[in-house]
Amino acid sequence: LAVEKAPKNGIAWARLAELCLSLEMQDAALEAARKASELSPNLAPAQTVFGYAHLAQLKTFKAQKAFERAIELDSAAPLPRLGLGLAVIHQGRLDEGRGHIEIAAGLDPGNALIRSYLAKAYFDEKRDAVAARQLDIAKELDPSDPTPWFYDALRKQTLNRPVEALQDIQ
């Protein structure tokens, strides 16, 4: 493990935090992110992990602060923008949150997951045509990602198109 070979390397600890978070090990992710922040206080990926770990725990205000700090440290990183958008939407501010996700999509236009969440925000705003377009783009970018198929199925079910929705789920 990189942190064993370089225990004072903040980037290695931040990467470990990201891996732990991807495996749904929030406590380990938070611990590794804390260590990364101690070693490298201005490391944006550590703040991003803090944000997503807090978001997973539904601590949206803590998540928002962590994402805002990550954006201060690296304004070109798309993942903290996505996270900030999700946190703000969870707080009931859909328009503002969608704006953050649009910025994330602009920073990383080839990211299917960001496009899927952008589509969901558009759909929640009752903007079906742009939501459908974003889902189509996401499906093209990563046909193996189930997220756009799932959100499109929900969209189609809501529009009373159950057969198409079932096809998307399958």
Undergrad: With clusters defined by side-chain heavy atoms of hydrophobic residues (ILVMFWY) lying less than 4.5 Å apart, directly or transitively, does Ile114 cluster with Ile137?
TA: no

Undergrad: Check the pair Arg115 / Gln134 against side chain to side chain donor-acceptor pair (under 3.5 Å), numbers first and verdict last.
TA: CA-CA 6 Å; Arg115 296 273 184 178; Gln134 291 301 315; 2.9 Å; yes

Undergrad: With a 4.0 Å cut-off on N to O distance, would you call Asp168 and Arg155 a salt bridge?
TA: no

Undergrad: How far apart are the closest heavy atoms of Thr48 and Ala70, and which atoms are they?
TA: OG1-CB, 3.5 Å

Undergrad: Donor-acceptor pairs under 3.5 Å, side chain of residues 14-27 to any protein atom, not counting sequence neighbours: which ones?
TA:
residue: Arg15; atom: NH1; partner: Glu18; partner atom: OE1; Å: 2.2
residue: Ser22; atom: OG; partner: Leu19; partner atom: O; Å: 2.7

Undergrad: Going by heavy atoms in the side chains, are Arg133 and Asp136 under 4.5 Å from each other?
TA: yes

Undergrad: Heavy atoms, side chains only, cut-off 4.5 Å: are Leu43 and Leu73 in contact?
TA: no

Undergrad: Tell me the closest heavy-atom pair linking Gly51 and Ala66, and the distance in Å.
TA: N-CB, 3.5 Å

Undergrad: With heavy-atom distances below 4.5 Å as the criterion, would you say the side chains of Thr60 and Leu55 are in contact?
TA: yes

Undergrad: Evaluate the criterion side chain to side chain donor-acceptor pair (under 3.5 Å) for residue pair Gln64 and Gln91; output intermediate values, then yes/no.
TA: CA-CA 10 Å; Gln64 179 180 343; Gln91 294 168 16; 3.0 Å; yes

Undergrad: Take atom CD of Glu68 as the centre, draw a 6.0 Å sphere, and report whether it contains more than 12 heavy atoms from other residues, nucleotides or ligands.
TA: yes

Undergrad: Looking at Arg69 and Glu72, does any basic side-chain N land under 4.0 Å from a carboxylate oxygen?
TA: yes

Undergrad: Could you walk me through whether Asp128 and Leu159 pass side-chain contact (heavy atoms from CB on, under 4.5 Å), step by step?
TA: CA-CA 9 Å; Asp128 184 61; Leu159 297 171; 3.4 Å; yes

Undergrad: Are Phe123 and Thr158 side-chain neighbours, meaning at least one heavy-atom pair lies under 4.5 Å?
TA: yes

Undergrad: Hey, can you pull the donor-acceptor pairs under 3.5 Å for the side chains in residues 75-88, sequence neighbours left out?
TA:
residue: Arg81; atom: NH2; partner: Ser75; partner atom: O; Å: 3.3

Undergrad: In chain order, what residues pass the side-chain contact (heavy atoms from CB on, under 4.5 Å) check against Ile89, with sequence neighbours excluded?
TA: Leu94, Ile101, Ala121

Undergrad: Is there a side-chain contact (heavy atoms from CB on, under 4.5 Å) between Leu30 and His54 once you walk through the steps?
TA: CA-CA 9 Å; Leu30 285 169; His54 290 310; 4.2 Å; yes

Undergrad: Regarding Glu164 and Gln157, do their side chains bring together a donor and an acceptor under 3.5 Å, going by distance alone?
TA: no

Undergrad: Please report the shortest heavy-atom distance between Val49 and Ala29, naming the atom on each side.
TA: CG1-O, 3.9 Å

Undergrad: When you compare the side chain of Arg127 with that of Arg98, does any pair of heavy atoms fall below 4.5 Å?
TA: yes

Undergrad: In terms of hydrophobic clustering (I, L, V, M, F, W, Y; side-chain heavy atoms under 4.5 Å; direct or indirect links), are Leu118 and Leu154 co-clustered?
TA: yes

Undergrad: Between Ile169 and Trp149, is a side-chain contact (heavy atoms from CB on, under 4.5 Å) present by the stated rule, with each step listed?
TA: CA-CA 6 Å; Ile169 288 292; Trp149 298 96; over 6 Å; no

Undergrad: Would the Tyr52 and Phe67 ring centres measure less than 6.0 Å apart?
TA: yes

Undergrad: For Ile11, does the CD1 atom sit with more than 12 other heavy atoms under 6.0 Å from it, leaving out its own atoms?
TA: no

Undergrad: To the nearest 0.5 Å, what is the distance between OG1 on Thr147 and CG on Asp152?
TA: 12.0 Å

Undergrad: Can you find a pair of side-chain heavy atoms, one from Phe50 and one from Ser37, that are under 4.5 Å apart?
TA: yes

Undergrad: Grab the two heavy atoms, one from Ala12 and one from Asn9, that are nearest each other, plus how far apart they are.
TA: N-OD1, 3.0 Å

Undergrad: In terms of hydrophobic clustering (I, L, V, M, F, W, Y; side-chain heavy atoms under 4.5 Å; direct or indirect links), are Leu141 and Leu113 co-clustered?
TA: no

Undergrad: Taking the side chain as C-beta and beyond, is there a heavy-atom pair between Asp145 and Lys139 under 4.5 Å?
TA: no

